[in-house]
There are 2 protein chains.
Amino acid sequence: MATRETNPNFMNGVPELLVLRLLQHEEMYGYEIVQAIRERTDAVIVFGEGVVYPVLHGLEHDGALRSRRKTVNGRSRIYYSVTAAGSRRLAALSQTWNNLATAIQSMLMGGHHAKTAS
Amino acid sequence: MATRETNPNFMNGVPELLVLRLLQHEEMYGYEIVQAIRERTDAVIVFGEGVVYPVLHGLEHDGALRSRRKTVNGRSRIYYSVTAAGSRRLAALSQTWNNLATAIQSMLMGGHHAKTAS
DNA sequence: CGATGATACCTTGTGGTTCTATGTATTGCA
DNA sequence: TGCAATACATAGAACCACAAGGTATCATCG
């Protein structure tokens with residue numbers, strides 16, 4: 001009911017974020033995305049197909065992605081591209097991630113704080 | 001059995017990280033930690049008591065924290081401080097977080113990449 | 001003196017993401 | 001023919017974090 005009042009787990013959404021980001025400038029297909037994430041992060045982040053495909057389906061279902069089937073070398077691929085809604089979603093996710101990363105960074109670096117504040 | 005071979009969800013461990021970091025220089029008690037995280041992150045990150053207490057117990061159980069009971073103003077508090085093992089754990093978690101944040105950051109900022117690489 | 005709110009601790013149940021594992025089918029190569 | 005890579009897909013489990021609730025003490029205010 002209602003619009004989902006519960007806080008989504010604040011950390012999640014990274015697979016979504018990376019997928020949207022990859023698709024922002026060029027259309028790609030699932031299998032390609034799996035490898036792109038591994039390669040571009042030097043294997044720091046490795047999302048299996050079991051992670052990527054459900055994300056793609058979910059994003060398409062939400063209208064953030066659009067797909068078209070294409071056959072290359074006898075291989076059937078499903079290329080995804082970002083819709084306007086997807087662009088907005090990407091912007092929002094980026095923002096959220098930035099806030100989070102900044103907050104954590106400041107805690108990790110910040111001096112102990114001293115309660116001196118009046 | 002063995003020691004848990006499965007990849008822990010790559011994003012997790014942030015509550016642990018922040019708790020250890022807060023306790024690194026001064027001992028604190030649970031309720032205080034809850035508020036400290038909220039205040040120092042300007043409420044970007046808000047961990048409830050249901051998050052913090054289990055983390056404290058888990059870390060103590062693992063020997064990363066040590067606790068001592070203290071009564072102040074008739075209020076019983078349990079102060080936690082970091083052990084040597086806890087320090088190592090903090091270092092490891094920090095490193096992991098850094099790698100992750102760096103990887104994501106590079107994906108968010110990086111140019112599209114062009115497959116031109118020979 | 002009773003109620004309320006802040007302090008301080010704790011646990012249980014649930015929810016949603018992510019992971020591992022597996023399944024199918026095609027192409028190319030040895 | 002068999003194996004590896006390509007390309008899609010789903011199911012089951014694991015897991016963390018969260019909301020919600022529960023206890024108890026102290027201070028405050030009516």
Side-chain angles (χ1 to χ4, degrees), chain A residues 1-2 4-19 27-39 45-62 65 67-80 93 96-97 100 104, chain B residues 1-19 27-39 43-61 65 67-80 93 96-97 100 104:
Chain A
M1 317 289 157
R4 160 93 42 86
E5 205 56 271
T6 51
N7 258 0
N9 193 340
F10 86 108
M11 286 296 291
N12 300 335
V14 171
E16 248 180 56
L17 172 61
L18 296 189
V19 165
E27 62 176 10
M28 296 174 77
Y29 55 98
Y31 194 79
E32 188 185 9
I33 293 173
V34 169
Q35 300 177 326
I37 292 176
R38 177 172 40 219
E39 286 166 18
I45 299 173
V46 178
F47 292 135
E49 303 170 50
V51 171
V52 170
Y53 285 118
V55 166
L56 288 171
H57 300 157
L59 286 173
E60 182 174 25
H61 177 268
D62 292 353
L65 293 182
S67 70
R68 69 196 180 93
R69 178 166 245 106
K70 212 162 116 181
T71 298
V72 180
N73 293 340
R75 283 245 161 63
S76 180
R77 298 173 176 170
I78 302 175
Y79 281 87
Y80 292 89
L93 280 173
T96 299
W97 171 258
L100 183 69
I104 292 177
Chain B
M1 302 307 143
T3 9
R4 160 93 48 86
E5 203 58 90
T6 53
N7 256 359
N9 191 340
F10 86 108
M11 284 297 289
N12 299 335
V14 170
E16 249 180 56
L17 172 61
L18 296 189
V19 165
E27 62 176 10
M28 296 174 77
Y29 55 98
Y31 195 79
E32 188 184 9
I33 293 173
V34 169
Q35 301 177 325
I37 292 176
R38 178 173 41 220
E39 286 166 19
V44 170
I45 298 173
V46 179
F47 291 136
E49 300 168 45
V51 171
V52 171
Y53 285 118
V55 166
L56 288 171
H57 300 156
L59 286 174
E60 181 175 27
H61 177 268
L65 294 182
S67 71
R68 66 194 182 95
R69 178 164 245 107
K70 212 161 118 182
T71 299
V72 180
N73 293 338
R75 287 252 160 57
S76 180
R77 297 172 176 171
I78 301 174
Y79 281 87
Y80 292 88
L93 280 173
T96 298
W97 172 257
L100 182 69
I104 293 176

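None of these values were measured; they are calculated from a predicted model. Order of the sequence lines sets the chain letters (A, B, ...), proteins ahead of strands, with each chain counted from 1.
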Nearest-Å distance for atom pair CZ/P, residues A:F47 and D:dC8: 18 Å

Gap between atoms CG and P, on A:L93 and C:dT17 respectively (whole Å): 11 Å

Interatomic distance, A:Y79 OH vs D:dC8 C1' [rounded to whole Å]: 14 Å

Nearest-nucleotide 5' precedence on DNA chain D, B:V51 against A:Y29: A:Y29

With B:Y31 via ring-ring contact (aromatic ring centres under 6.0 Å, His included) - residues at least two apart: none

Any residue of residues 52-61 of chain B with a heavy atom less than 4.0 Å from an atom of DNA chain D: none

Residue-phosphate contact under 4.0 Å: A:Q35 side-chain N/O, D:dT6 OP1/OP2: yes

Rounded distance (Å) that lies between atom C1' of D:dA7 and atom CD of A:E27: 16 Å

5' priority, DNA chain C, between B:R77 and A:G48 [closest heavy atom]: B:R77

Sidechain-backbone polar pair: B:E60 side chain, B:H57 backbone, donor-acceptor under 3.5 Å: no

Distance below 4.0 Å between A:Y31 side-chain N/O and D:dC8 OP1 or OP2: no

Touch class at under 4.0 angstrom, heavy-atom based, for A:E16 against every strand present: nothing

Residue pair B:I78 / B:S67: nearest heavy atoms and the distance that separates them: CG2-CB, 3.7 Å

All salt bridge (Lys or Arg N to Asp or Glu O under 4.0 Å) counterparts of B:R68, not counting sequence neighbours: B:E27

Min side-chain heavy-atom separation A:I37-A:V46 under 4.5 Å: no

Whole-Å distance separating the CE atom of A:M28 from the C1' atom of D:dT6: 15 Å

Counterpart residues, side-chain hydrogen bond (donor to acceptor under 3.5 Å, both in side chains), relative to B:Q35 (two or more places apart): none

Separation of D:dA17 P from B:I37 CD1 (nearest whole Å): 11 Å

What are the atom names and distances for every N/O pair under 3.5 Å that joins the protein to nucleotides 26-28 of chain D?
from, atom 1, to, atom 2, distance (Å)
D:dC26, O4', B:R75, NH2, 3.3
D:dC26, O2, B:R75, NH2, 3.3

Rounded distance in Å - CD (B:E49) to P (D:dA17): 16 Å

A:F47 and A:V34, any side-chain heavy atoms less than 4.5 Å apart: no

Min side-chain heavy-atom separation A:I33-A:V55 under 4.5 Å: no

side-chain hydrogen bond (donor to acceptor under 3.5 Å, both in side chains) partners for A:Y53, two or more places apart: none

For atom CD1 of A:I33 and atom C1' of D:dA9, their distance in whole Å: 15 Å

